[in-house]
Amino acid sequence: MSFPVDVVVMAAGKGTRMKSQRPKVLHRLGGRALAQHVIDCAARLSARSVVVITGHGAEQVEAGLSAPVACGDHVAPQLRFVRQEPQLGTGHAVQQAAPVLPEDGVTLVLSGDVPLTRPETLQALLDQCAGECLALLTLDMSDPTGYGRIVRAAGGSVQAIVEHKDASEAQRAIPEIYSGIMAVPTRLLRGWLARLDNRNVQGEYYLTDVVKLAVADGLPVVAHRIADAVQVAGVNSPAQLAELERAYQRRLAEALMEQGVRLADPARLDVRGELVCEEDVEIDVNCVFEGRVELRSGARIGANCFIANAVIESGAEILPFTHMQGEKAGISVGPGAQVGPFARLRPGAQLGAHVHIGNFVEVKNSTLAAGAKANHLAYLGDATVGERVNYGAGSITANYDGANKHRTVIEADVHVGSNCVLVAPVTIGAGGTVGAGSTITKDTAPGSLAVARGKQIGLENWQRPVKKR
């Protein structure tokens, strides 16, 4: 491609059928805003800049969208915003963007609520434009109601786009519709925008009128016709958003299976971020992945798991109904480790090789070295756990004193009995044992037996709770 591309994203509409205070383009698909999908697609086209036209909820939209990241060897496009106030039609919207569009390139007009257009489709459209003519993305639809129709001459050349409300009965019978996506040399677009008028049923300035202006000027108008309706489907209602969500998830599922990932049911997968899988990965039904999740070779994910911002190493197994919420601190599960069922890993949980975390065990901001086990109904918060530690059912680290959080250190080969309380800050020496039912408030020596019966060790001023009358 020998010409620079500047992308204009139409994102000024209100979307009243969404019945929401949130601007339409900020509703989420696969964990990201609709318009963010469009902006990120521009990066994959090596666009020079992205101009987002905002209007309804402009401040929310501008705050809710972020610049695309660099794609491969290409520099990330510059992101800028212009406002359309009031909203007087699509042509009026692009008029607001025209002053910031350099004349030496091609303007690619996209819709902020049409998130699933493939980069290769847009590249084909740009190739047809070739920096010289007006190119439209079109589609045949069995029910074209509401869309602008492509009007062609007897020889097949495109003559105009007629909006549905302005179309005659004969024109409404045309199945070929305009998708809302076009590529046009910017130097020509500027002149056509200046000639737009609002003499139509809606009293608006239509961007689609640039077609008849191009024809009048003798410039060729070409159409790149596709068959995949999902690529040009917009979102105007919760039902349409749900339909596109499933289409998006199906697209991701197919891509994963092409890489060799085994999905128990492609229709029951939800990726709301980025899921990176190596070979021989298995994912059961109804799993949700958020943020960035990496599954190394041979990892297995059981049914009904939620995993966010985590790395699952080779051969690890996440059993059903496990909840892993990594947030910024992240979560890592070591090779051959086993987590679940019904386990909860919170931010900062770092599990070594062959660690076992069982049912109803919660781990937060803690490191467990290789071979450590907490198999039943336990809590480990702000803890450093050594190799081969066995942590008993019903035991907890009391890491919060009401003002500050403190760390518990359990050294290698310690056995912690059931129903124990380790009151941080405290260190349990290597090879030691904590007897069942003990409350430990002081460091214990390596190899020692720490037991509390009746009065609890280290709490000389402990008083039995007063029974309420």
Side-chain angles (χ1 to χ4, degrees), residues 305-313 316-319 321-402 404-444 450 452 456 458:
C305 290
F306 175 90
I307 302 176
N309 298 307
V311 176
I312 314 298
E313 295 289 351
E317 184 174 15
I318 311 301
L319 296 175
F321 295 97
T322 293
H323 188 282
M324 301 171 60
Q325 181 69 57
E327 298 179 1
K328 290 184 179 180
I331 289 171
S332 65
V333 177
Q338 185 180 89
V339 181
F342 296 99
R344 185 184 184 197
L345 302 187
R346 293 171 57 195
Q350 309 291 323
L351 310 185
H354 304 288
V355 165
H356 284 192
I357 299 296
N359 49 288
F360 307 106
V361 174
E362 179 179 348
V363 181
K364 188 271 297 183
N365 193 30
S366 295
T367 300
L368 281 75
K373 296 180 180 180
N375 281 326
H376 323 281
L377 193 65
Y379 173 67
L380 282 161
D382 300 295
T384 301
V385 180
E387 294 178 345
R388 299 173 299 279
V389 166
N390 192 337
Y391 194 76
S395 293
I396 68 167
T397 55
N399 54 321
Y400 184 53
D401 63 7
N404 299 296
K405 292 182 178 179
H406 304 280
R407 198 152 193 88
T408 298
V409 177
I410 306 173
E411 296 182 345
D413 298 303
V414 166
H415 180 94
V416 178
S418 58
N419 297 316
C420 293
V421 180
L422 308 183
V423 183
V426 68
T427 297
I428 309 300
T433 298
V434 178
S438 298
T439 296
I440 307 300
T441 63
K442 295 183 178 179
D443 295 350
T444 68
Q456 301 177 27

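Predicted model only: the values in this text are computed from it and were never measured.
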- Query: Should L422 and I410 count as side-chain neighbours, where that means a heavy-atom distance under 4.5 Å?
  - Reply: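 Yes, their side chains come closer than 4.5 Å.
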- Can you tell which of V409, L380, T367 makes a side chain to side chain contact (heavy atoms under 4.5 Å, CB included) with V385?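 That would be L380; it is the only one of V409, L380, T367 passing the side chain to side chain contact (heavy atoms under 4.5 Å, CB included) with V385.
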- Query: Nearest 0.5 Å, what's the OG1-NZ distance between T397 and K405?
  - Reply: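 Output value for this atom pair is 10.5 Å.
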- With a 4.5 Å heavy-atom cut-off, do L368 and I357 have their side chains touching?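 Touching, per the 4.5 Å side-chain cut-off.
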- Query: What heavy-atom pair brings G437 and C420 nearest, and what distance separates the two atoms?
  - Reply: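 Closest approach of G437 to C420: N-SG, 3.7 Å.
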- Query: In this structure, which one of V311, L345, I307 forms a side chain to side chain contact (heavy atoms under 4.5 Å, CB included) with V333?
  - Reply: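 When V311, L345, I307 are each tested with V333, the side chain to side chain contact (heavy atoms under 4.5 Å, CB included) holds only for L345.
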- Query: What distance do N419 atom CG and T439 atom OG1 have between them, rounded to the nearest 0.5 Å?
  - Reply: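 Separation between the atoms: 10.0 Å.
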- Item | Donor-acceptor pair, side chain of S395 and main chain of A378, under 3.5 angstrom |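 Here the side-chain-to-backbone pair does not exist.
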- Item | Exercise: identify the closest heavy-atom pair between D401 and N404 |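 Distance-wise, the nearest heavy atoms are OD1-N, 2.6 Å.
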- Message: If you compare all heavy atoms of V421 against all heavy atoms of A398, which two are closest, and at what distance to 0.1 Å?
- Response: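 Nearest heavy atoms, V421 then A398: CG1-CB, 4.0 Å.
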- Between E313 and G334, is there a donor-acceptor pair closer than 3.5 Å when you use the side chain of the first and the backbone of the second?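 Side chain of E313 to backbone of G334: no pair is present.
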- Task: State, to 0.1 Å, how close P347 and E327 come at their nearest heavy-atom pair, and which atoms those are.
- Result: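 Nearest heavy atoms, P347 then E327: CG-OE1, 3.5 Å.
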- Query: Between V339 and T322, which heavy-atom pair has the shortest distance, and what is it?
  - Reply: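 Looking at all heavy atoms of both residues, the shortest contact is O-OG1, 3.6 Å.
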- Message: To the closest 0.5 Å, what do you measure between CG (D413) and CZ (R388)?
- Response: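 It is 4.0 Å, given to the nearest 0.5 Å.
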- Query: Is a side-chain N or O of Y391 found less than 3.5 angstrom from the main chain of Y379, in a donor-acceptor match?
  - Reply: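 Yes; judged by distance alone, with no hydrogens or angles, the pair exists.
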- Do T444 side-chain atoms and G429 backbone N/O form a donor-acceptor pair below 3.5 Å?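 Yes, T444 side chain to G429 backbone: donor-acceptor pair under 3.5 Å.
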- Within-4.5 Å side-chain heavy-atom neighbours: N399 and T408: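 Not touching, per the 4.5 Å side-chain cut-off.
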- Can any side-chain N or O of R407 pair as donor or acceptor with the backbone N or O of A383 at less than 3.5 Å?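 Side chain of R407 to backbone of A383: a pair is present.
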- Atom pair CZ/CZ of F342 and F321 - distance to nearest 0.5 Å: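 The CZ atom of F342 sits 5.0 Å away from the CZ atom of F321.
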- Where I331 and M324 come nearest, the two heavy atoms and their spacing: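 What the structure gives for the nearest pair is CG2-CE, 3.7 Å.
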- Message: Considering only residues two or more places apart or on different chains, which pairs with a residue in residues 366-383 satisfy salt bridge (Lys or Arg N to Asp or Glu O under 4.0 Å)?
- Response: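 Counting only pairs at least two positions apart or across chains, the salt bridge (Lys or Arg N to Asp or Glu O under 4.0 Å) contacts touching residues 366-383 are K364-D382.
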- Message: For a 4.5 angstrom cut-off between non-hydrogen side-chain atoms, does Q325 reach R346?
- Response: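 Of all side-chain heavy-atom pairs linking R346 with Q325, none is under 4.5 Å.
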- Close side-chain approach of I318 and I312, heavy atoms under 4.5 Å: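 Heavy-atom side-chain distance check passes, below 4.5 Å.
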- Message: Distance check, rounded to the nearest 0.5 Å: Q338 atom CD versus L351 atom CG?
- Response: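 Answer for the CD-CG pair, Q338 versus L351, is 12.0 Å.
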- Message: To the nearest 0.5 Å, what is the distance between CD1 on I428 and OG1 on T384?
- Response: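 Rounded to the nearest 0.5 Å, the CD1-OG1 separation comes out at 12.5 Å.
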